*Asks:* 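Got a structure for you, written out below as structure tokens; questions coming shortly.
All figures in this text were calculated on a predicted structure; none of them were measured in a lab. In the text below, chain A, chain B and the rest are named by the order of the sequence lines, each starting its count at 1. For the numbers below, each heavy atom of this structure counts, side chains included, while hydrogens, waters and symmetry mates do not.
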There are 2 protein chains.
Amino acid sequence: MRKDGIATREKILDGARDLVLRLGYSGMKIDHVLEHVGITKGAFFHHFKTKEDLAKALLRRYADQDAQIYAETRAQAEKLSDDPLQQMLIFIRLFEDMFNGMTEPYPGCLLASYVYELQQFDDETRGLLHDTFARWRALLQEKFELIVKQHPPKTPVSPAQLADGFTVVLEGAFILAKAMNDARMAGEQLRLYRNHIELLFDVPAQGRAAA
Amino acid sequence: MRKDGIATREKILDGARDLVLRLGYSGMKIDHVLEHVGITKGAFFHHFKTKEDLAKALLRRYADQDAQIYAETRAQAEKLSDDPLQQMLIFIRLFEDMFNGMTEPYPGCLLASYVYELQQFDDETRGLLHDTFARWRALLQEKFELIVKQHPPKTPVSPAQLADGFTVVLEGAFILAKAMNDARMAGEQLRLYRNHIELLFDVPAQGRAAA
DNA sequence: GCCTAAACAGACCAAACGGTCCGGAAATAT
DNA sequence: ATATTTCCGGACCGTTTGGTCTGTTTAGGC
């Protein structure tokens with residue numbers, strides 16, 4: 001058994017992801033995916049019971065990949081400094097670099113794509129979306145709580161709201177990047193977000209030393 | 001002539017807008033709109049030639065309404081202060097109040113809804129989206145350029161990027177608000193954005209005096 | 001080498017969907 | 001009052017779309 005089933009399954013997921021990011025979930029038609037990937041209906045419905053089944057698999061995979069990138073970047077930042085504030089600044093800057101290195105297929109978030117068609121999905125999918133965003137918040141919030149303890153902010157702030165700010169900036173930047181056809185948006189706006197953190201915790205202005 | 005055609009036309013636009021914000025453009029089916037609004041096919045296609053025709057009308061109306069709210073808020077801010085920096089802070093705070101007063105139907109931006117299905121639309125619609133976001137940037141950028149002249153920023157900044165920051169935060173907050181089912185998101189994140197501006201231009205921390 | 005099950009191809013189907021058409025009511029112009 | 005035009009109801013139509021079904025190929029297990 002197992003000819004190369006997982007390979008085509010991944011191809012389907014990749015193709016579907018591309019189309020969802022361009023056309024939205026409802027706009028992504030199965031026939032279009034078949035043509036895009038170069039397979040037939042039989043193959044598709046062998047791997048996925050329904051379109052909604054694909055939607056969930058797509059979302060789970062995206063959330064997992066995202067969590068991994070996130071964890072790696074975080075680990076890298078924590079290796080480069082012991083100070084939570086510096087870790088956070090490095091973390092943000094690593095994301096900036098990531099997006100500045102990108103081009104053409106303007107970044108977009110599959111989660112956001114789902115959110116704007118939220119009522120199409122069942123409770124399980126909506127719950128998954130909620131939990132994914134909640135996890136991002138929790139991880140960053142934890143870090144900001146450490147930061148606040150060691151570095152008195154110039155203004156009283158909520159670690160949770162600061163944590164959400166990162167995601168908010170990213171998601172918002174993706175939208176503007178697509179609408180304005182400008183891939184630099186994500187990196188620029190993350191830099192602005194970092195600037196906010198630096199001002200808030202009174203980090204002395206320094207030239208860009210990293211990388 | 002003119003029984004009450006414009007009234008039903010508006011009803012259709014309102015209903016379609018609601019559905020687009022919940023289901024996305026492709027997810028918004030005409031039959032569903034008919035049921036939601038309480039009319040028939042004949043009525044719909046009397047007012048709109050095609051679904052795409054509706055999409056454009058919807059977008060134009062939304063952009064116009066948005067521009068109006070924007071202009072009114074700006075005028076109000078300019079009436080309350082002569083200093084461009086204070087005007088900007090008041091402007092942001094007025095938006096905060098607007099969103100803090102909202103409840104249930106979590107705010108969402110029709111433009112963003114379109115952006116995540118961008119490839120569905122023709123060049124005209126894409127151009128309209130681009131121009132609308134460009135207008136927002138231009139108006140805020142103009143203000144930030146005045147601000148920078150009168151108030152030296154603690155860090156070198158780009159007025160255009162600062163202007164985009166406002167839209168970015170709004171759009172991003174809408175997404176998180178929907179996903180997390182938390183209507184307070186928009187107001188909170190705008191407050192954070194305002195905090196950034198205050199820190200950047202060294203505004204002394206003051207209690208909330210306005211309104 | 002043969003059996004079994006996964007991995008696909010592709011015709012087929014029912015429902016949904018966007019759009020058309022025509023008849024009739026309702027309002028206005030003359 | 002009557003003609004005319006806007007406005008709308010609702011049956012109808014062709015295509016698209018998600019999904020099914022049957023048959024065929026391919027890759028291991030023994």
*Asks:* Examine dT16(D): is either OP1 or OP2 under 4.0 Å from a nitrogen or oxygen in the side chain of His32(A)? Give yes or no.
*Replies:*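 No, outside the criterion.
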
*Asks:* Using whole Å, report how far CG of Leu19(A) lies from C1' of dT17(D).
*Replies:*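 Going from CG in Leu19(A) over to C1' in dT17(D) covers 15 Å.
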
*Asks:* Over how many whole Å does the gap from Glu10(A) atom CD to dA7(C) atom C1' extend?
*Replies:*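 These atoms are roughly 16 Å apart.
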
*Asks:* Whether the Glu72(A) and Gln76(A) side chains hold a donor-acceptor pair (N or O, under 3.5 Å, no angle test) is what I'd like checked.
*Replies:*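 Distance-only check fails for Glu72(A) and Gln76(A).
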
*Asks:* What is the distance, rounded to the nearest whole Å, between atom CG of Leu54(A) and atom C1' of dT17(D)?
*Replies:*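 In whole Å, dT17(D) C1' and Leu54(A) CG are 15 Å from each other.
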
*Asks:* So which atom in Gln189(B) and which in Gly165(A) form the shortest heavy-atom distance, rounded to 0.1 Å?
*Replies:*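 Smallest heavy-atom distance, with atoms named: OE1-CA, 3.3 Å.
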
*Asks:* Can you check each nucleotide of nucleotides 14-20 of chain C against protein heavy atoms at under 4.0 Å and return B for base, S for sugar-phosphate only, - for none, in 5' to 3' order?
*Replies:* ---SBBB

*Asks:* Can you name the closest pair of heavy atoms from Ala173(B) and Ala186(B) and give their distance?
*Replies:*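 Looks like CB-CA, 3.7 Å.
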
*Asks:* With distance as the sole criterion, is a donor-acceptor pair present between the side chains of Asp164(A) and Thr167(A) under 3.5 Å?
*Replies:*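 Not at all, the side chains of Asp164(A) and Thr167(A) share no donor-acceptor pair under 3.5 Å.
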
*Asks:* Could you check how far CD1 of Ile12(B) sits from P of dC8(D), rounded to whole Å?
*Replies:*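 Taking atom P of dC8(D) as the reference, CD1 of Ile12(B) is at 8 Å.
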
*Asks:* Can you give me the closest heavy-atom contact between Cys109(B) and Tyr62(B), atom names plus distance?
*Replies:*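 The answer is CA-OH, 3.4 Å.
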
*Asks:* Return the value, rounded to whole Å, for the distance between atom CD of Glu35(A) and atom P of dT16(D).
*Replies:*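 About 13 Å, once rounded to whole Å.
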
*Asks:* Does dC8(C) have OP1 or OP2 sitting under 4.0 Å from an N or O in the side chain of His46(A)?
*Replies:*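 Indeed not, no polar side-chain atom of His46(A) lies that close.
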
*Asks:* Is it the case that the ring center of Tyr114(A) lies less than 6.0 angstrom away from the ring center of Tyr116(B)?
*Replies:*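 No; Tyr114(A) has its ring centre 6.0 Å or more from that of Tyr116(B).
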
